[in-house]
Colleague: 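Below you will find the structure I want to go over with you.
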Amino acid sequence: MTEPHIPDDGAYHPDRVEAKWQARWSDRRTNEPDLDLAARPFYNLMMFPYPSAEGLHVGNVFAFTGADVYGRFKRLQGYQVFEPIGFDAFGIQSENYALKIGIHPGQLIPKSIANFRRQLSALGGMFDWSRSFSTTDPEYYKWTQWLFLQLLKAGKAYRKKAAVNWCPSCKTVLANEQAEGGICERCGTSVEQRLLEQWFFRITDYAERLLTNLDDKSKMDWSDRTITAQRNWIGRSEGAQIDFPIDGGEVIRVFTTRPDTIFGATFMVLAPEHPLVDRLTTKAERPAVEAYRQATQAKDVITRKVGEKDKTGVFTGGFATNPATGEKIPVWVADYVLMDYGTGAIMAVPGHDERDFAFATKYGLEIRRVVAQADEGSDSPLSEPMIEDGDCRLVNSGHFTELPTGEAFKGIVAWLEEKGAGKGVVNYRLHDWCISRQRYWGPPIPIIYCDGCGPVPVPEKDLPVLLPYIPDFHPDDSGVSPLARHKEWYYAPCPQCGKQGRRETDVSDNFLDSAWYFLRYPNTDFADRAFDRSRIEKWLPVTSYIGGNEHAVLHLLYSRFITMVLNDLGLVGFDEPFRKFRAHGLIIKDGAKMSKTKGNVVTPDEYIGKWGADTLRMYLMFLGPFEEGGDFRDAGINGPRRFLDKVWDLVSQCSRKTLIGDEVHHDVVVKWQQTKKKVTHDLEVLSYNTAIAALMELLNAIRESNCSERSIVKDLVVMLAPFAPHFAEECWEQLGRKTSVFDASWPTWDEALTVTADVEIPIQINGKTRSKVRVPRSATEELVVARALRDPIVVKFVSGKTIVKRVYVPGRLLSLVVA
RNA sequence: GCCCGAGUGGCGGAAUGGCAGACGCAGUGGACUCAAAAUCCACCGCCGGCAACGGCGUGCGAGUUCGACUCUCGCCUCGGGCACCA
């Protein structure tokens with residue numbers, strides 16, 4: 001690339017400056033750290049984009065810029081910063097879009113990626129393009145498939161026939177996370193239930209570890225809201241599993257968080273899919289039960305899960321024995337009990353559970369009080385379920401009566417355990433991760449089914465199992481991936497016996513691609529392994545990760561899980577992949593989050609063209625706190641641009657050695673030192689808006705004092721560099737420097753010079769600030785009081801009254817209370 | 001319903017319990033200009049006042065404190081997440 005000519009009219013021309021420095025960075029490999037030699041490695045990661053055909057919008061730009069600012073700051077602090085970027089290009093989103101416009105994703109994606117690369121480069125990110133990849137590259141997904149085989153080997157991948165979320169529109173199975181609220185995340189259609197053979201990962205084996213690591217600050221310095229989201233998603237609850245015997249020696253096993261209320265369990269409810277429903281149903285009730293089960297199956301998930309909370313159900317005719325009371329209690333079937341949580345069966349305690357209460361009321365079942373407050377009678381009627389258990393005691397509960405609920409919980413669990421009827425258990429909301437997708441656009445799962453040998457993993461030496469090009473990649477509602485229609489690919493010899501077998505036609509979940517990409521970036525030069533142990537040790541865990549909180553429970557949880565498995569396999573030496581994670585805020589436009597689906601996107605291209613990338617970066621970082629986001633409006637972007645223009649003028653004055661005023665003013669020096677301190681601190685905590693404000697204040701101070709002292713201007717340029725990298729490089733060169741500004745060192749400050757010699761002490765009288773006095777910083781309380789009492793305003797408020805209280809905060813304020 | 005955030009000028013937003021409104025945008029007045037743009041200077045929370053100055057003011061109501069945007073309690077509103085999870 002050749003550097004453009006920059007006109008010598010003294011004005012700031014962002015387009016020329018940006019083209020010049022982008023060319024130079026590329027030519028000089030400025031952003032490509034030596035991964036083996038780095039002495040102070042800093043892995044600065046940001047969530048890689050899904051390359052949509054529409055290109056980046058300023059919401060994405062906001063996120064990438066914020067992460068880039070941090071990386072550039074760290075580089076200036078002397079770290080060798082590795083800032084990779086790639087493309088998360090497999091998945092249903094890409095495939096659906098390709099289907100919509102009728103272009104094969106294999107053709108569409110490279111174009112979208114090229115456009116993304118152009119846009120990302122134009123932004124001036126410190127990306128190491130030499131280590132970029134797309135998850136759709138066979139050199140990448142070869143290792144995604146390898147990863148699957150490692151999980152299989154470790155016993156963490158298994159196949160089972162399961163009721164899964166089926167989207168009738170996308171014609172595919174969805175992970176629970178993609179079917180939240182019973183609605184397909186991609187297309188908004190109601191999700192149905194279907195039984196299919198699926199591959200699962202045992203993420204639930206790691207539930208406890210995923211949870212406990214969240215508390216370990218040495219491993220995880222994460223945004224609190226992200227930690228909270230993960231904790232809620234894993235959904236740990238402590239309770240008990242209790243067996244209720246039925247005729248024939250079998251038991252109905254339930255999970256409950258309130259074993260202390262077992263004496264109030266007056267009936268039981270099974271999920272319609274529960275395997276014991278058949279056994280329990282009497283001849284007389286069979287037609288009704290069958291009808292109910294069918295009706296449930298036909299109901300889509302929306303009405304079942306989030307629709308009316310109106311309870312419905314039918315009596316099976318069967319009974320079970322409450323192990324606490326010995327009573328026979330009726331067993332019902334109702335769809336408010338879910339097969340996929342707990343055991344799919346509950347003991348219903350209508351007196352102390354909202355749902356059971358509603359159900360019992362509707363069907364006339366017995367409601368029994370077993371918990372009461374201290375001042376409540378043991379048989380006072382329940383007009384509504386009594387849920388709270390704090391400061392309550394048991395009633396009507398055999399020899400546990402009168403025990404506080406907390407004690408009763410333990411006592412009853414121990415008692416049941418002794419009787420062999422139950423035990424204390426922990427239950428999680430988290431489910432195993434279904435990774436099978438009956439789609440085309442993903443990495444084929446590397447398995448061959450053989451009639452003799454069963455499912456056989458594809459040997460690692462035969463990877464990748466290439467995704468074949470098939471013109472017709474439409475999914476159909478057969479529940480089988482389009483790959484099954486590609487016969488040359490579908491039939492393959494069994495790796496074990498050599499007889500003809502059939503390939504697994506499902507591809508893996510897009511989230512598997514992104515669950516390990518951070519491991520690949522520093523290892524793209526290794527063709528023979530997913531990652532190199534010494535590279536990994538040097539660069540991981542990721543030093544800083546910045547991304548959207550929409551991935552708080554999906555991507556981030558899966559990445560942690562995969563890392564733990566690799567750790568257990570001895571392949572990596574750590575079990576948490578991201579040492580520091582910060583969630584950025586959202587860019588709001590017209591009152592809504594900027595997103596393609598909302599149709600309120602703004603592309604960066606027009607702003608870069610009009611104002612320059614550096615101005616856009618500055619504006620985005622200035623418009624609000626990075627971790628909270630802000631409103632994007634056109635008005636306001638000229639502010640940062642004016643600021644850069646002024647700095648530009650200042651730098652040209654400096655470079656022409658037309659120093660105005662030889663004497664460095666004290667105020668400016670203080671401001672300068674204060675600014676260095678504040679900007680350093682603010683950048684560290686991602687408070688970019690206030691850092692920029694501080695730089696503006698320093699500029700204003702320089703201009704007001706007419707003191708363009710060279711060392712101050714130099715520091716200003718360095719501190720500006722993370723935000724406006726091209727601009728800062730050009731200024732740096734104007735100041736006579738030969739190397740990149742990013743090879744400069746971050747300014748340090750003299751703490752003693754960050755404070756002024758004199759201070760203004762506000763004087764509060766009865767809580768109101770009435771005046772202020774100017775005193776030396778070291779002034780004693782006596783001096784401040786003496787000065788204050790000479791102040792005419794203070795005199796006015798104090799005369800004729802007595803000072804009853806005096807509070808002096810040294811260097812801060814004087815507070816007087818008069819009466 | 002539950003769990004997180006957040007409510008501050010015309011706007012975006014600043015404030016370790018210590019001068020509320022930094023910084024910026026918009027606006028107003030002025031300088032420069034034939035004129036406009038750009039630039040520069042000044043003003044810029046609300047009410048009263050020529051002014052000095054005074055009163056009010058950080059969603060609402062209490063409280064703690066010499067002092068509260070900040071802490072506590074009780075509400076209201078908005079945004080986000082979870083949700084028949086036993």
Side-chain angles (χ1 to χ4, degrees), chain A residues 11 180-182 223-229 231-233 235 237 239 254-258 261 269 271 304-311 334-338 340-349 352-356 358-359 387 427-431 549-550 552-553 585-586 588 591-593 618-619 622-625 627-640 642-643 645-646 649 687 689-697 699-700 703 760-772 792-793 796 803-809 811-818:
Chain A
E180 287 174 26
S223 301
D224 285 344
R225 53 191 169 132
T226 311
I227 299 257
T228 306
R231 195 169 278 132
N232 292 342
W233 187 262
S237 31
V254 303
F255 172 74
T256 177
T257 53
R258 293 294 304 275
T261 62
V269 185
R304 178 157 175 196
K305 278 200 171 173
V306 283
E308 294 170 37
K309 308 270 177 178
D310 196 28
K311 305 281 177 292
D335 66 4
Y336 80 89
V337 173
L338 308 172
D340 62 3
Y341 183 77
T343 60
I346 60 157
M347 65 174 205
V349 184
H352 306 283
D353 180 278
E354 211 173 320
R355 295 147 302 175
D356 298 345
F359 193 78
I387 313 297
N427 198 45
Y428 300 93
R429 210 188 72 114
L430 184 70
H431 291 85
N549 213 37
E550 68 272 19
V553 288
L586 297 177
I588 303 299
K593 173 193 168 178
M618 293 276 296
Y619 172 59
F622 186 59
L623 59 69
E627 291 181 75
E628 285 165 40
D631 271 329
F632 188 89
R633 297 155 306 126
D634 283 12
I637 192 166
N638 47 347
R642 276 196 275 236
F643 169 69
D645 282 335
K646 288 177 197 169
D649 290 344
S687 184
N689 54 335
T690 54
I692 292 173
L695 294 173
M696 288 173 166
E697 283 186 60
L699 176 74
N700 292 344
R703 286 162 59 92
E760 278 205 321
I761 304 288
I763 313 298
Q764 286 185 0
I765 297 162
N766 288 352
K768 283 187 193 287
T769 304
R770 292 299 179 180
S771 186
K772 37 189 106 161
I793 298 170
K796 194 175 87 185
I803 295 170
V804 297
K805 181 153 187 165
R806 202 168 87 185
V807 178
Y808 178 64
V809 184
R812 276 294 199 181
L813 104 169
L814 176 66
S815 180
L816 303 173
V817 184
V818 299

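Quick note on labels: first sequence line is chain A, next is B, and so on, each numbered from 1. Worth knowing before you read on, the calculation uses all heavy atoms, side chains too, and leaves out hydrogens, waters and symmetry mates.
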Colleague: Give the B/S/- string for nucleotides 48-71 of chain B, one per nucleotide from 5' to 3', where a protein heavy atom under 4.0 Å of the base yields B, of only the sugar-phosphate yields S, and otherwise -.
Modeller: ------SSS---------BS----
Colleague: Please list, for nucleotides 40-43 of chain B, all pairs of protein and nucleotide N/O atoms separated by less than 3.5 Å.
Modeller:
{"unit_1": "B:rC40", "atom_1": "OP1", "unit_2": "A:R703", "atom_2": "NH2", "d": "2.6"}

Colleague: How does RNA chain B read in dot-bracket, base by base from 5' to 3', with Watson-Crick or G-U pairs under 3.5 Å and | used when the partner is on another strand?
Modeller: (((((((..(((.....[....))).(((((.......))))).((((....))))..(((((..]....))))))))))))....
Colleague: State which residues pass side chain to side chain donor-acceptor pair (under 3.5 Å) with A:R231; sequence neighbours excluded, sorted by chain then number.
Modeller: A:D215
Colleague: List for me each residue that meets side chain to side chain contact (heavy atoms under 4.5 Å, CB included) alongside A:E627, sequence neighbours excluded, and say none if there are none.
Modeller: A:S223, A:R225, A:R582, A:L686
Colleague: Got a sec, which residues hit side chain to side chain contact (heavy atoms under 4.5 Å, CB included) with A:A345, two or more places apart in sequence or on another chain?
Modeller: A:I252, A:V254, A:L270, A:H274, A:T343
Colleague: Taking only residues two or more places apart in sequence, or in another chain, which ones meet A:F359 in a ring pair (Phe, Tyr, Trp, His ring centres under 6.0 Å)?
Modeller: A:F267, A:W332, A:Y336, A:Y363
Colleague: Tell me, please, which residues at least two apart from A:K805 pass side chain to side chain contact (heavy atoms under 4.5 Å, CB included).
Modeller: A:V807, A:V817
Colleague: Taking side chain to side chain donor-acceptor pair (under 3.5 Å) as the definition, give me every residue that meets it alongside A:T226, ordered by chain and number, with sequence neighbours left out.
Modeller: A:N549
Colleague: For A:E697, what residues pass the side chain to side chain donor-acceptor pair (under 3.5 Å) criterion, not counting sequence neighbours?
Modeller: A:K671
Colleague: Polar pairs (N or O, both sides) under 3.5 Å between protein and nucleotides 4-6 of chain B?
Modeller:
none

Colleague: Which residues pass the side chain to side chain donor-acceptor pair (under 3.5 Å) test with A:N427, not counting sequence neighbours?
Modeller: A:Y341
